[in-house]
Amino acid sequence: MYKAIGYAAQSATAPLAPMNFERRSPRADDVAIEILYCGVCHSDIHQARNEWGIAVYPLMPGHEIVGKVTAVGADVSRYKVGDKVGVGCMVDSCRQCEACNADLEQYCLEGPTQTYASKDRVDGSITMGGYSDSIVVSERFVVRIPEKLDLASAAPILCAGITTYSPLKHYNVKPGDKVGILGMGGLGHMGIKFAKAMGAEVTLFTRSEAKAEEGRRQGADHVIVSTDAKQMAAAAGHFDFLLDTIPVQHDLNPYLQTLRFDGVHILVGLVEPVEPPVHSANLVTKRRVLAGSMIGGMAETQEVLDFCAEHGITCDIEMLDIRNINDAFTRVVAGDVKYRFVIDMASLKA
Ligand code: NDP
Ligand code: ZN
């Protein structure tokens, strides 16, 4: 065991505060990592505040982790000390079920071990995330950061990136497809870039006219202000795919109506009951599909990093001093960040 420090919430209503704790000594297949940067995902806020009802305290968030390898276990073959690596939302899975064997560890039949607030499969301890100076993870759940990528702006690819890339890939988005991205936050702004790189004609749905110009700068061909019923109605029957990153309950019906027949509405933001209810006529009468997607497997997480390096795709980040993490949470909830906070872990040592 060795000493570590990080920021954790002690309860659903407590702000994050510094906490000393211990990381395990590397097991045979483990990589020990000095964390340099960690992105701030809206999921971190949902979890710290127990908005999904599955939090375990103390809860140390952080699953967009980038750092340097400081030690490796005896059986590690893929990484060596000094390598630049990343860790995303999972740190383990059963490794033998149908999903794991299909490189879909996120859908492990036993449930993957999350990077934080999850029970370690070996010793039963509760996992602590990346708002900290170090982490120890099995090499199977570590990815390599391509040389070409800036380390800080690569961090959000580990969650915001893979979560938007994976469904677009799964549904085979191709040149000419009409794709709508719902919400332009951390996930949404990456969704625009990926859909564009896949050749789609991309439309941003945003609540505010104020973000229209920004949306175009991110690569959107068109912008629809979702609060304007006229603009929504004018888009009826238009889209092949909608990628929905909105983090709160919202009426899906007006969005479903913008899909053409066989169109697919993919939820990634909402992990709550759909409210108000979906009117099934919006599905039935056009053979539309309402779908969901969760992050991506480890092989695909490496793939998206390589895709970003190849296509020159990066996240737009605002560097954060970890001492300001609670203000940052407030700003994320208010939609006041362009488009991802990334903690500079040097500030933890300060
Ligand atoms: P952000 O807060 O950065 O972005 C969400 C965007 O949604 C906002 O920028 C805003 O866009 C829009 N939005 C926010 N509030 C509302 C509202 N009340 N009504 C309508 N639109 C709203 O969040 P992230 O991008 O980090 O995460 C998005 C969601 O995805 C979160 O719920 C997160 O937990 C989830 N998530 C899911 C994953 C998965 O595997 N499925 C993985 C990672 C995250 P605008 O201002 O343009 O309208
Ligand atoms: Zn996330």
Side-chain angles (χ1 to χ4, degrees), residues 38-52 54-55 61-65 86-90 104-107 112 114-117 129-131 155-168 170 180-192 203-216 218 220 223-228 232 242-252 254-255 266-272 275 291-297 300-301 304 315-318 328-342:
C38 184
V40 176
C41 179
H42 204 123
S43 304
D44 299 345
I45 304 170
H46 289 312
Q47 282 274 59
R49 298 178 178 173
N50 199 19
E51 289 168 359
W52 293 338
I54 52 168
H63 59 206
E64 295 185 336
I65 298 165
V87 176
C89 304
M90 302 177 282
L104 295 168
E105 299 91 342
Q106 76 274 34
Y107 305 126
Q114 313 279 345
T115 303
Y116 57 83
Y131 290 9
I157 299 170
L158 277 309
C159 174
I162 182 63
T163 300
T164 47
Y165 176 86
S166 182
L168 297 173
H170 178 72
I181 305 290
L182 278 50
M184 189 166 69
L187 269 61
H189 95 289
M190 293 305 286
I192 294 174
T203 300
L204 167 68
F205 288 77
T206 178
R207 289 166 299 170
S208 57
E209 180 66 49
K211 269 192 184 172
E213 194 46 46
E214 263 298 307
R216 289 196 186 87
Q218 294 293 337
V223 177
I224 291 177
V225 178
S226 56
T227 45
D228 180 340
M232 292 295 283
L242 297 176
L243 182 60
D244 185 341
T245 78
I246 298 171
V248 294
Q249 290 178 327
H250 55 287
D251 190 357
L252 304 188
Y255 291 105
I266 309 157
L267 297 173
V268 293
L270 192 68
V271 195
E272 279 176 273
E275 190 63 53
S293 185
M294 188 172 76
I295 50 173
E300 198 174 41
T301 305
V304 68
C315 290
D316 293 23
I317 62 165
E318 187 173 328
F329 274 19
T330 305
R331 284 185 52 197
V332 170
V333 173
D336 176 28
V337 50
K338 288 179 177 166
Y339 283 91
R340 200 55 139 190
F341 281 116
V342 171

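Remember, it's a predicted structure, so these values are computed and weren't measured experimentally. First listed ligand is number 1; within each ligand, the first listed atom is number 1.
Partners of Pro167 according to the side chain to side chain contact (heavy atoms under 4.5 Å, CB included) rule, which considers only residues two or more places apart in sequence or in another chain, are Leu243, Ile266, Val268, Ser293. The side chain to side chain contact (heavy atoms under 4.5 Å, CB included) test applied to Val271 returns Trp52, not counting sequence neighbours.
Contact between Cys315 and Met190 at its shortest, heavy atoms only, is SG-SD, 3.2 Å. In this structure, Ala155 and Val342 approach most closely via the heavy-atom pair CB-CG1, 4.5 Å. The two residues Leu242 and Tyr255 make their nearest non-hydrogen contact at CD1-O, 3.3 Å. Between Ala48 and Phe329, the shortest heavy-atom contact is CB-CE2, 4.1 Å.
Rounding to the nearest 0.5 angstrom, the gap separating the CD1 atom in Ile181 from the CG atom in Leu204 is 8.0 Å. Here Gln47 contributes atom CD and His42 contributes atom NE2; the two are 12.0 Å apart, rounded to the nearest 0.5 Å.
Counted by atom type alone, Tyr339 and Glu214 present one or more donor-acceptor pairs between their side chains at under 3.5 Å.
Near ligand 1, Cys41, His42, Ser43, His46, Trp52, Cys159, Thr163, Gly183, Met184, Gly185, Gly186, Leu187, Thr206, Arg207, Lys211, Thr245, Ile246, Pro247, Val248, Val268, Gly269, Ser293, Met294, Ile295, Val332, Arg340 each place a heavy atom less than 4.0 angstrom from the ligand.
Around the Zn ion (ligand 2), protein N, O or S atoms at less than 2.8 Å comprise Cys41 SG, His63 NE2, Cys159 SG.
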